[in-house]
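Every chain is numbered from 1 and lettered A, B, ... according to where its sequence line falls, protein lines coming before strand lines.
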Protein chains: 2
Amino acid sequence: MEISEDSADPRVRMWSPACQAVALLLGPYAEVVLHDAARDRVLAIWNPMTRRGPGDPSLLGELDRLDPSARDVYGPYEKLLADGRRLSSVSAVLRDEEGQPSAVMCVNLDRTPMDRAAALLAGFAAPSTPRPEALFEQDWTERVHQIIGSFVRARGRPVERLGREDRLTVLTELDRAGVFAFRRAVPVVAGALKASRSTVYALLAELKAQGNAS
Amino acid sequence: MEISEDSADPRVRMWSPACQAVALLLGPYAEVVLHDAARDRVLAIWNPMTRRGPGDPSLLGELDRLDPSARDVYGPYEKLLADGRRLSSVSAVLRDEEGQPSAVMCVNLDRTPMDRAAALLAGFAAPSTPRPEALFEQDWTERVHQIIGSFVRARGRPVERLGREDRLTVLTELDRAGVFAFRRAVPVVAGALKASRSTVYALLAELKAQGNAS
DNA sequence: TCCAGTCCGGACAGTAAGTCCAAGTGAGGT
DNA sequence: ACCTCACTTGGACTTACTGTCCGGACTGGA
């Protein structure tokens, strides 16, 4: 991963662990460059994104805005690569033990993947899905009356006059519709059928017995 | 931004530009820690994400796996913060001009923002939810898990780590979906949320109070 | 009228739904 | 390291609902 002009250079030896660590952390999306500021050359480079190598002129104007007498840390500022990729960059002036500037570290982070992801997210998020979350049948009692009503109409006889078999049939349908999974279902059904709670339970027990038997 | 025990420490003076540059580049999502490996202490820290400060023991086991005689760069490896944030971390052994290990730099990058984005993208891209939309959902527990699941995915955080507000939100959605009209709904939801029945009832009461007040 | 079949309402037991509280837990502050 | 506060939890407890049982009442037919 590391490409350096001269690993024997004490500056490279000293700074390469830090540079390499950062390059590792940011995976393929960042390059780390160690510059010789005085000679405007690249000392070493990790994850190169351009074709630069050690010994090449630094280019990119990475060192233009540095003023070691003022500050040591610059950025993040934006840079544009020839192919249009946008970079976020920081630079740090590195000093030797006497406090003299000896090198400059630049980290160039390619933001295009994140920009793309951001755009994608923004595009999807904006016209926000109007909640296709289809809900349950909110009013299940409605459904109870519907089922009973249509049966009564088909049978041509009011609920009060339904015979035993009829009620068994209706209860079967209601059960298939999942009505009895709801709380308070039996009293409601009993009311709608104009029958007593006891009767409904008795009929349901009968159905269950039949169902299990068959 | 920088918090250091003793800026006069030559190691801090020497390494802080590099550390600060990295901290700046990665914005609020990364902390950079400079350790005194020999004494297992923090020398300086940028963008602290935990409560550690200079002079504190290093903790976090950041220095456990280091072996300066072998390599200088470690990682990226994954670490887990107490609050559930997942970190990508790298460490570098920093040496003085004689080549003696003098400090260790650790960069801890919080990946939850990216995880969340990734989760969201995955949620959109994936076959979403193949919605077997029946008129009457026979298997309402299925729906419970679907709703909780999609929320967890959007939130990018496992169900165990959902905060109070998150759970209130989920319960609101479940309620809108009519889940609590079913028998045995609360125990099922409590199980799916990895919370106790009591807690679910408490949160539901809170929602009801809010809803009536407004 | 009597019988058979059914239904009713109420009593009752069992199970689930809610409420309440003391104790435990964990994050944040000092 | 300790305290505090907010929250969670399991369990005890109350209330509501579910399901069963039975005596009495109604109905239609012999």
query = Hey, what do you get for OG (B:Ser102) to CE (B:Met14), rounding to the nearest 0.5 Å?
reply = 8.0 Å

message = Is the ring pair A:Trp15/B:Trp15 parallel, tilted or perpendicular, if the boundaries are 30 and 60 degrees?
response = perpendicular

message = So, under a plain 3.5 Å distance rule, would you say the side chain of B:Ser198 forms a donor-acceptor pair with the base of C:dG18?
response = no

query = Should B:Tyr201 be listed as having a side-chain N or O under 4.0 Å from OP1 or OP2 of C:dT19?
reply = no

Under-4.0 Å side-chain N/O to phosphate OP1/OP2 contact, A:Arg164 with C:dC7 = yes

note = Whichever of B:Arg183 and B:Arg167 has the more 5' nearest nucleotide on DNA chain D, that residue is B:Arg167

note = When rounded to whole Å, the CG to C1' distance for the pair A:Leu193 and C:dC7 reads 13 Å

ask   = Going 5' to 3' along DNA chain D, which nucleotides are the first and last within contact of chain B (any atom under 4.0 Å from a heavy atom)?
value = D:dC7 to D:dG19

key: Interatomic distance, A:Gln20 atom CD to B:Asp72 atom CG [nearest 0.5 angstrom]   = 8.5 Å

query = Contact class for B:Ala195 vs. all strands (heavy atom < 4.0 Å): base, sugar-phosphate, or nothing?
reply = sugar-phosphate

message = Rounding to an integer number of Å, can you tell me how far B:Glu160 CD sits from C:dG26 C1'?
response = 16 Å

key: Name of the residue among B:Ile45, B:Asp110, B:Val107 meeting side-chain contact (heavy atoms from CB on, under 4.5 Å) with B:Glu31   = B:Ile45

query = Within a radius of less than 6.0 Å around OH of A:Tyr29, do more than 12 heavy atoms belonging to other residues, nucleotides or ligands occur?
reply = no

request  = Inspect the contact between A:Arg161 and A:Asp166 and indicate whether a charged nitrogen and a carboxylate oxygen are less than 4.0 angstrom apart.
outcome  = no

query = Between C:dA17 atom P and B:Arg184 atom CZ, what is the distance in whole Å?
reply = 6 Å

task = Please tell me which of B:Ala205 and A:Gly163 maps to the more 5' nucleotide of DNA chain C, matching each residue to the nucleotide holding its nearest heavy atom.
result = A:Gly163

query = Just how far, in rounded Å, is P of C:dC7 from CD of A:Glu165?
reply = 10 Å

